[in-house]
Every structure is written in structure tokens, then in C-alpha cells.
Amino acid sequence: MIDFRYHLVSLVAVFLALAMGIVLGAGPLRDGVGQTLTAQVEQLRVERDEMRASNDALNAENSDLEGFVKAAGAGLVTGTMHGEKVATIADHSSMHAEVEATRTLIEAAGGQTGPQIELGQSLWDPAAEGERRSALTTITQTWPGVKPSGTSTSEQLASVIATILAPSEDLDDAARLEIAKALSASGVLTLKGDIEAVDSVLVLSGEESLFSVTSDSPEAAATRSDNLDKSRRALVTAFDGEGVTVAVGGSSSVRGGSEGLVSAVRTSDLRERVSSIDMLTYASGPATLTLALAGAQVEMPGAYGSATDAEALVPDASAIREKVEERNGDRSEKKRSDDTDAGGQTNDEEASSSDGGGQ
């Protein structure tokens, strides 16, 4: 059993140690410790000011670089298209600035801007299943020639969007507009401007975090994500099946590989025909996306950006421009050949007619 004196000695030792610490701290060690701490605080203050100045300088340089990239974009894409009509489709309202910049660059490249569409949440919202079914029923009953593809209502309506933009003799512009109105009434899309058939489509996709809804249950969140992924992929697949050239753009929020629609394209056979970029929200994003589409139009699709599954940072504008000029030269040669054949045929017919008259 421990004696009381042992506890007493222990307590005395503790208090003696505490007293010595107070005495030393208030006396011999005070100046040294204080000076050391003061010097460290001052050094940290200097480092903080230097880092702040460096950060301000980097921000200024980045702002200048962004301005240069935006200003150089039109010159970079010039001559990479030849009259192609291009529709833009965004899946989130936050893509407005990128859509406007890209449409401007399409015209600078030599293309034509077609319909502008923004997809609505009703295309993938779990709670909008009834609206989607109703829209499908209205469309298929009113226009029997429209054949939605896919297993879910989200995929089927996505394929209908491709149908009203793809060239087809079965739908005139009036029918395309009425179908677009039906889709708009159900919250599937918002159409800006007229609707017409196009040669190419740019799909601009927001980061995955933008589509989460905090009030969703785990089951609803999973369904929403699944509907979103399937509808976007069905949209691109349907355009590809209709012979419409497609390029998709997105921005990864994590380091490493791409995500969302860009990842879906790059991990499927669509990669062989559909161009993709993973840095859409960067200053260079709109120009890169425009060039990516121009490359796909001349059978030079690619995966561009900084993600690990990208092939290169940006498309080769010079190579694309050369390919466009080569294609245009072939078209001109063919047209001259056709005109010559038609002219020769006409002359032969006239000669034959003259011979007949002489006889």
C-alpha cells in the first residue's frame, strides 16, 4: 500500500517544478523566448506579404493571358469551316457565356450558327417521369414518323431532340418547330430562335456537381444521375447515327481523367467519330471546342484537354485548315467535272438534233 508521504513528496515535486518554470520564464528565458517568437511572427508576416504580392502578380498575368487567348480565338479558327450549319446544345444554364463565345467563333471559322437549345431538368428529373411519358405519347401519336430510341423516357426524348435537328425529308421546319414546342411545354428543353436541320452539333456540358439536388434521397439522387448520364449519351449517339458531326465539351472538377459526358464519349466507340474537350470553362475552351468540331467535320476527331485520357492539349489548326482546303478543292473539281459532263451532253444532243434536221 502506497504511503501518504509518497503522495506528499510527489505533490511537492510538481509544485517545485511549476515554480521553477515560472521563475525561469519570467527571468533568464523570458527575453530569449520573446525575441524568438517576435522574430518568427515578423518572418511569417513578411512571407505572407510576399505570397500576397506574388498571387496578385499571377492573377494579373492570368487575366492578361485570358484576354490574349480570347482575342486570338477568332484568328485561330478562321478558315476551319466552310458553311456548315451548327447547332449548340447546353445541358445547364451556367454554360451561357461559353455558348455565346462558341457561337461567335463558329461564324469566325466560316460556319453558320443554327438553333440554340438548353436542356431542362425534366429530361432527367426522377419526379418528371409523368411529364416525359406524356410528351412521348403526344409526339409519337401526332408524328408517327418519329421513332424514339432507347429504353428509358429520358433516352427516348433525347433521341427526339436529335431527330428534329438532323436532316430528314420526313420532317419540315413547321413539324420540327411543333415538336420542339411539345418538348418545351414538358420542360425538356428551351429553344432560342428558329429550329432547322443542321450539319453539326456542339454539346456543352456542365460539371457533374451542378446537377446534384440537396433534397434528393439517396435513391432519387442515383436515379437522377443515371437519367442524366443516359440522356446525354443517347443524344450524342442519336446524332452520330443520323450522320450529324458532333463535338462535346465539359470541364473536369477533379484531377485525373475526364468526367460526365466527355468521359462517356472517350470510353466508348464514339471516340472514333466524336471530338471532345475537357477544359470548356477555361479561356481557351470555346476556341478549342470550335476547332475540335472543325476537325471532326473533316474526319479528324480527337480528345483534347489536360485530363489523363486526352490525346493532346488542343487540335492542330493548321492541319485542319489544310484538310478543309483539300476537301473544298475536291468539291470544286467535282463540280467542274459535272458541269463539263452536263455541257458535253447538251452539245451532243444539239448536234444529234441538227443531224436529224439535216436528214
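Index from 1, following the sequence. What you see is a predicted model; the values in this text were computed from it and never measured.
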Legend entry - Under the salt bridge (charged side-chain N to carboxylate O under 4.0 Å, His left out) test, residues paired with Asp194 that sit two or more places apart: none

Legend entry - Test item: Thr140 and Pro148 side chains (from C-beta on) under 4.5 Å apart, heavy atoms: yes

Legend entry - Interatomic distance, Glu208 atom CD to Leu261 atom CG [nearest 0.5 angstrom]: 8.5 Å

Legend entry - Under 3.5 Å: donor-acceptor pair, side chain of Arg273, backbone of Thr245: no

Inset, instruction - Side-chain contact test, heavy atoms from C-beta onward, threshold under 4.5 Å: evaluate it for Val244 versus Pro167 and give yes or no. - result: yes

Legend entry - Any donor-acceptor pair under 3.5 Å from Thr142 side chain to Thr138 backbone: yes

Inset, instruction - For the pair Asp172 and Arg176, find out whether any cationic side-chain nitrogen is under 4.0 Å from an anionic carboxylate oxygen. - result: no

Inset, instruction - For side-chain contact (heavy atoms from CB on, under 4.5 Å), just list the numbers for Thr104 and Glu107, CA-CA rounded to whole Å, side-chain angles, deciding distance to a tenth of an Å, and then say yes or no. - result: CA-CA 6 Å; Thr104 298; Glu107 295 184 350; over 6 Å; no

Legend entry - Straight-line distance of Thr267 OG1 to Arg233 CZ, nearest 0.5 Å: 6.0 Å

Inset, instruction - Rounded to the nearest 0.5 Å, what's the gap from CG on Leu189 to NZ on Lys181? Could you check? - result: 13.0 Å

Inset, instruction - Taking all heavy atoms of Arg103 and all of Pro115, pick out the closest pair and write down the distance. - result: NH1-O, 3.5 Å

Inset, instruction - Please determine if Arg232 forms a cation-pi arrangement with Phe211, meaning its NZ or CZ atom is less than 6.0 Å from the six-membered ring centre and no more than 45° off the ring axis. - result: yes

Inset, instruction - Evaluate whether atom CD of Glu47 has more than 12 neighbouring non-hydrogen atoms of other residues, nucleotides or ligands under 6.0 angstrom away. - result: yes

Legend entry - Hydrophobic cluster membership, Leu210 vs Val262, 4.5 Å side-chain cutoff: yes

Inset, instruction - Please lay out, stage by stage, how Leu280 and Leu204 fare under the test side-chain contact (heavy atoms from CB on, under 4.5 Å). - result: CA-CA 8 Å; Leu280 179 60; Leu204 295 86; 3.8 Å; yes

Legend entry - Residues which pass side chain to side chain contact (heavy atoms under 4.5 Å, CB included) with Ala158, listed by chain and number, not counting sequence neighbours: Ser231, Ala234, Leu235

Legend entry - Taking every non-hydrogen atom, the tightest pair across Gly111 and Met81: N-CB, 3.7 Å

Legend entry - Set of residues satisfying salt bridge (charged side-chain N to carboxylate O under 4.0 Å, His left out) with respect to Lys147, sequence neighbours excluded: none

Inset, instruction - Measure the shortest side-chain to side-chain distance between Leu291 and Leu76 over non-hydrogen atoms and say whether it is less than 4.5 angstrom. - result: yes

Legend entry - Salt-bridge contact Arg271-Glu311 (side-chain N to carboxylate O under 4.0 Å): yes

Legend entry - Where Arg132 and Leu123 come nearest, the two heavy atoms and their spacing: CD-O, 3.6 Å

Inset, instruction - For the pair Ser251 (side chain) and Thr281 (backbone), establish whether a donor and an acceptor sit closer than 3.5 Å, ignoring hydrogens and angles. - result: yes

Inset, instruction - Could you check if a side-chain atom of Glu207 sits within less than 4.5 angstrom of a side-chain atom of Glu259, using non-hydrogen atoms only? - result: yes

Inset, instruction - Compare all side-chain heavy atoms of Thr163 with those of Leu171 and state whether any distance is below 4.5 angstrom. - result: yes

Legend entry - Results of salt bridge (charged side-chain N to carboxylate O under 4.0 Å, His left out) for Arg266 - residues two or more places apart only: Asp278, Asp309

Legend entry - same_hphob_cluster(Val298, Val248) at 4.5 Å side-chain heavy-atom cutoff: no

Legend entry - Ser159 side chain vs Gln156 backbone, donor-acceptor pair below 3.5 Å: yes

Legend entry - hydrophobic_cluster_shared for Leu157 and Leu177, side chain cutoff 4.5 Å: yes

Inset, instruction - Could you grab the distance from atom CG of Leu289 to atom OG of Ser284, nearest 0.5 Å is fine? - result: 11.0 Å

Inset, instruction - Under the side chain to side chain donor-acceptor pair (under 3.5 Å) rule, collect the residues that match up with Arg48, sequence neighbours excluded. - result: none

Legend entry - Spacing of Glu42 atom CD and Leu44 atom CG [to the nearest 0.5 Å]: 9.5 Å

Inset, instruction - Compare all side-chain heavy atoms of Leu119 with those of Ile161 and state whether any distance is below 4.5 angstrom. - result: yes

Inset, instruction - Under the side chain to side chain donor-acceptor pair (under 3.5 Å) rule, collect the residues that match up with Glu178, sequence neighbours excluded. - result: none

Please tabulate, one pair per line, all N/O donor-acceptor pairs under 3.5 Å involving side-chain atoms of residues 92-101, not counting sequence neighbours.
residue: His92; atom: ND1; partner: Ser94; partner atom: N; Å: 3.1
residue: His92; atom: ND1; partner: Ser94; partner atom: OG; Å: 2.9
residue: Glu100; atom: OE2; partner: Gln116; partner atom: NE2; Å: 3.4

Inset, instruction - Using atom types as modelled and distance alone, determine if a side-chain donor or acceptor of Asp91 lies under 3.5 Å from a backbone N or O of Gly206. - result: yes

Legend entry - Connected via hydrophobic side-chain network under 4.5 Å: Val236 and Trp124: yes

Inset, instruction - Report the C-alpha distance between Ile106 and Thr88 in whole Å, list the side-chain angles of each, state the deciding distance to 0.1 Å, and finish with yes or no for side-chain contact (heavy atoms from CB on, under 4.5 Å). - result: CA-CA 10 Å; Ile106 289 170; Thr88 53; 4.2 Å; yes

Inset, instruction - Could you list all the salt bridge (charged side-chain N to carboxylate O under 4.0 Å, His left out) pairs where at least one residue sits in residues 133-146, not counting sequence neighbours? - result: Glu129-Arg133

Inset, instruction - If a pair satisfies ring-ring contact (aromatic ring centres under 6.0 Å, His included) and one of its residues is in residues 167-200, list it, with sequence neighbours excluded. - result: none

Legend entry - Minimum heavy-atom distance between Ser263 and Ser258, given as atom pair plus value: CA-OG, 3.4 Å

Inset, instruction - For the residue pair Asp170 and Val146, establish whether any side-chain heavy-atom pair is separated by less than 4.5 Å. - result: no

Legend entry - Spacing of CD1 belonging to Ile164 relative to CD belonging to Glu196, to within rounding of 0.5 Å: 12.0 Å

Inset, instruction - Not counting sequence neighbours, list each pair that qualifies as a side-chain hydrogen bond (donor to acceptor under 3.5 Å, both in side chains) and has a residue in residues 288-305. - result: Ser200-Gln297

Legend entry - Donor on one side chain, acceptor on other, Ser152 and Glu155, under 3.5 Å: yes

Legend entry - Partner set under side chain to side chain contact (heavy atoms under 4.5 Å, CB included) for Ser122, not counting sequence neighbours: Ala128

Legend entry - Side-chain (Ser275) to main-chain (Ala247) donor-acceptor, under 3.5 angstrom: no

Inset, instruction - Decide yes or no on side-chain contact (heavy atoms from CB on, under 4.5 Å) for Arg224 and Asp125, but give the supporting numbers first. - result: CA-CA 6 Å; Arg224 183 185 301 275; Asp125 190 347; 3.3 Å; yes

Legend entry - Under the side chain to side chain contact (heavy atoms under 4.5 Å, CB included) test, residues paired with Gln112 that sit two or more places apart: Lys85

Inset, instruction - Please check if the side chain of Ser212 supplies one atom and the backbone of Ser209 the other of a donor-acceptor pair under 3.5 Å. - result: yes

Inset, instruction - Taking the side chain as every heavy atom from C-beta outward, state whether Leu165 and Ile89 have any pair of such atoms under 4.5 Å apart. - result: yes

Legend entry - Whether Arg321 side chain and Thr78 backbone form a donor-acceptor pair below 3.5 Å: yes

Inset, instruction - Check the hydrophobic clustering (I, L, V, M, F, W, Y; side-chain heavy atoms under 4.5 Å; chains of links allowed) and say if Trp143 and Val188 are grouped together. - result: yes

